[in-house]
A.B. asks: 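Please read through the structure below; I'll follow up with questions.
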Amino acid sequence: MREATERIEVSRLIPAPAEAIFAVLTDPKGHVDIDASGMLIDAEGERVRQRGDRFLVHMDREALGDVPLGKYDVEVVITEFTPDEEIAWTIEARIRPHVRHVYGYRLARTEGGTLVTSYYDWSEVDEEWKGRFTFPVVPESALKATLGILERTVRRRAA
């Protein structure tokens with residue numbers, strides 16, 4: 001069982017079908033569109049279709065104001081993929097060992113739309129990284145804000 005301090009989960013009922021929400025989450029640019037942290041600048045790559053798919057994200061850590069990394073790129077690697085139900089990923093960059101934190105969304109169809117749970121898990125982060133950075137990198141408030149932006153983005157894309 002993971003310690004509660006190494007995983008955050010937040011949920012929101014979004015009045016939209018799971019397919020519409022999943023369409024945003026499988027679009028690399030959709031990740032940029034819904035990011036509340038301010039770190040994601042742009043993305044390149046094809047729509048995600050399966051576990052193991054990858055896409056490039058241009059980042060700017062200065063948005064967090066914690067570590068002066070400036071602008072850099074990471075590769076998103078899909079670790080979980082169940083259409084219209086769950087998508088999760090980790091990131092890889094030039095640094096080794098890879099950090100191995102996981103971000104994801106679970107979708108559950110329900111009356112009134114889809115219950116979307118956003119999660120961030122850093123339980124597998126290498127001790128070297130836990131000593132160098134503060135975890136969670138993205139706070140709970142940003143996950144909550146991202147769900148609000150996700151709802152707005154799904155509504156706008158449907159219009």
Side-chain angles (χ1 to χ4, degrees), residues 1-12 14 18 21-22 24-108 114-151 153:
M1 184 74 181
R2 292 186 177 116
E3 292 182 32
T5 59
E6 293 187 326
R7 184 180 179 97
I8 300 169
E9 289 195 11
V10 297
S11 298
R12 179 183 182 117
I14 296 180
I21 296 165
F22 208 71
V24 173
L25 299 174
T26 57
D27 175 3
K29 292 199 182 286
H31 286 247
V32 178
D33 292 344
I34 67 172
D35 171 47
S37 75
M39 289 191 302
L40 281 67
I41 303 303
D42 201 3
E44 299 175 28
E46 299 297 319
R47 179 172 298 281
V48 172
R49 300 194 189 294
Q50 62 189 358
R51 186 182 307 202
D53 280 357
R54 296 170 174 259
F55 60 89
L56 186 69
V57 177
H58 305 293
M59 306 285 290
D60 183 357
R61 184 67 178 245
E62 297 300 316
L64 291 182
D66 63 345
V67 180
L69 295 177
K71 292 178 172 59
Y72 60 99
D73 291 338
V74 298
E75 193 168 27
V76 168
V77 182
I78 303 301
T79 59
E80 296 292 334
F81 189 89
T82 304
D84 305 329
E85 292 180 15
E86 185 171 15
I87 184 169
W89 61 93
T90 189
I91 59 167
E92 294 182 359
R94 296 183 318 241
I95 57 175
R96 299 289 189 276
H98 295 302
V99 179
R100 295 193 333 252
H101 46 173
V102 175
Y103 299 86
Y105 292 89
R106 285 190 318 273
L107 286 65
T114 305
L115 182 64
V116 180
T117 300
S118 173
Y119 58 89
Y120 173 45
D121 187 314
W122 61 98
S123 62
E124 297 297 319
V125 170
D126 189 276
E127 289 303 317
E128 175 184 340
W129 294 115
K130 287 181 179 178
R132 292 174 61 189
F133 292 98
T134 300
F135 288 89
V137 171
V138 177
E140 183 175 346
S141 59
L143 292 183
K144 287 179 181 179
T146 294
L147 288 175
I149 299 167
L150 174 60
E151 179 176 339
T153 301

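This one's a predicted model, so the numbers in the text were calculated from it and none came from an experiment. Scope of the values below: all heavy atoms of this structure, side chains included, with no hydrogens, waters or symmetry mates.
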A.B. asks: Run through Tyr105, Trp89, Phe135, Tyr103 and flag the one making a ring pair (Phe, Tyr, Trp, His ring centres under 6.0 Å) with Tyr120.
C.D. replies: Tyr103

A.B. asks: Closest approach of Phe55 and Gly45, non-hydrogen atoms and distance?
C.D. replies: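 Taking Phe55 first and Gly45 second, the nearest heavy atoms are CB-CA, 4.1 Å.
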
A.B. asks: Could you give the distance from OG (Ser123) to NZ (Lys130), rounded to the nearest 0.5 Å?
C.D. replies: 7.0 Å

A.B. asks: When you measure from the side chain of Lys29 to the backbone N and O of Ala43, does any donor-acceptor pair fall under 3.5 Å?
C.D. replies: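 Such a contact is found between Lys29 side chain and Ala43 backbone.
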
A.B. asks: Taking all heavy atoms of Phe22 and all of Pro83, pick out the closest pair and write down the distance.
C.D. replies: CE2-CA, 3.6 Å

A.B. asks: Taking the side chain as everything from C-beta on, heavy atoms only, tell me whether Glu124 gets closer than 4.5 Å to Glu6.
C.D. replies: no

A.B. asks: Run the numbers on Glu44 and His58 for side-chain contact (heavy atoms from CB on, under 4.5 Å), then give the verdict.
C.D. replies: CA-CA 8 Å; Glu44 299 175 28; His58 305 293; 2.6 Å; yes

A.B. asks: Are the side chains of Asp84 and Leu107 in touch, meaning some heavy atoms are under 4.5 Å apart?
C.D. replies: no

A.B. asks: Rounded to the nearest 0.5 Å, how far does CZ of Arg51 lie from OG1 of Thr79?
C.D. replies: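 CZ of Arg51 is found 7.0 Å from OG1 of Thr79.
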
A.B. asks: Any chance the side chains of Arg47 and Thr26 put a donor and an acceptor closer than 3.5 Å?
C.D. replies: yes

A.B. asks: Which value, rounded to the nearest 0.5 Å, describes the distance between Arg54 atom CZ and Glu46 atom CD?
C.D. replies: 15.5 Å

A.B. asks: Got more than 12 heavy atoms from elsewhere within 6.0 Å of CD, Glu128?
C.D. replies: yes

A.B. asks: Nearest 0.5 Å, what's the CD-CZ distance between Glu86 and Phe81?
C.D. replies: 11.0 Å

A.B. asks: Could you give the distance from CD1 (Ile91) to CE (Met59), rounded to the nearest 0.5 Å?
C.D. replies: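 Nearest 0.5 Å value for the CD1-CE distance: 6.0 Å.
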
A.B. asks: Going through the distances and angles, do Val57 and His31 end up as a side-chain contact (heavy atoms from CB on, under 4.5 Å)?
C.D. replies: CA-CA 9 Å; Val57 177; His31 286 247; 5.7 Å; no

A.B. asks: Considering non-hydrogen atoms only, spot the tightest contact between Ile8 and Pro139 and give its length.
C.D. replies: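 Between these two residues, the closest heavy atoms are CD1-C, 4.4 Å.
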
A.B. asks: Do you know the tightest heavy-atom contact between Thr114 and Ala18?
C.D. replies: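 In terms of heavy atoms, the two residues are closest at OG1-N, 3.1 Å.
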
A.B. asks: Search all heavy atoms of Val32 against all heavy atoms of Ile41 and return the closest pair with its distance.
C.D. replies: CG1-O, 3.6 Å

A.B. asks: Are the side chain of Asp53 and the backbone of Gln50 linked by a donor-acceptor contact shorter than 3.5 Å?
C.D. replies: yes

A.B. asks: Could you grab the distance from atom CG of Asp60 to atom CG of Asp42, nearest 0.5 Å is fine?
C.D. replies: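 Rounded to the nearest 0.5 Å, the CG-CG separation comes to 12.5 Å.
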
A.B. asks: Looking at Arg106 and Glu85, is there a salt bridge between them, counting it only when a charged N and a carboxylate O are closer than 4.0 Å?
C.D. replies: no

A.B. asks: Leu147 versus Val10: any side-chain heavy-atom pair under 4.5 Å?
C.D. replies: yes

A.B. asks: Check the pair Val138, Met39 against side-chain contact (heavy atoms from CB on, under 4.5 Å), reporting the backbone distance first and the verdict last.
C.D. replies: CA-CA 10 Å; Val138 177; Met39 289 191 302; 4.0 Å; yes

A.B. asks: Quick one: does NZ or CZ of Arg7 land under 6.0 Å from the six-membered ring centre of Tyr119, within 45 degrees of the ring axis?
C.D. replies: yes

A.B. asks: Measure across Ser11 and Leu115 and return the closest heavy-atom pair with its distance rounded to 0.1 Å.
C.D. replies: CB-CD1, 4.0 Å

A.B. asks: For Trp129 together with His101, are the ring centres under 6.0 Å from each other?
C.D. replies: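 Ring centroids of His101 and Trp129 are no less than 6.0 Å from each other.
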
A.B. asks: Strictly distance-based, threshold 3.5 Å: is any side-chain N or O of Thr146 a donor or acceptor partner for the main-chain N or O of Ala36?
C.D. replies: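 Checked: pair present.
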
A.B. asks: Kindly indicate whether the side chain of Asp33, heavy atoms from C-beta on, has any atom under 4.5 Å from the side chain of Ile149.
C.D. replies: no

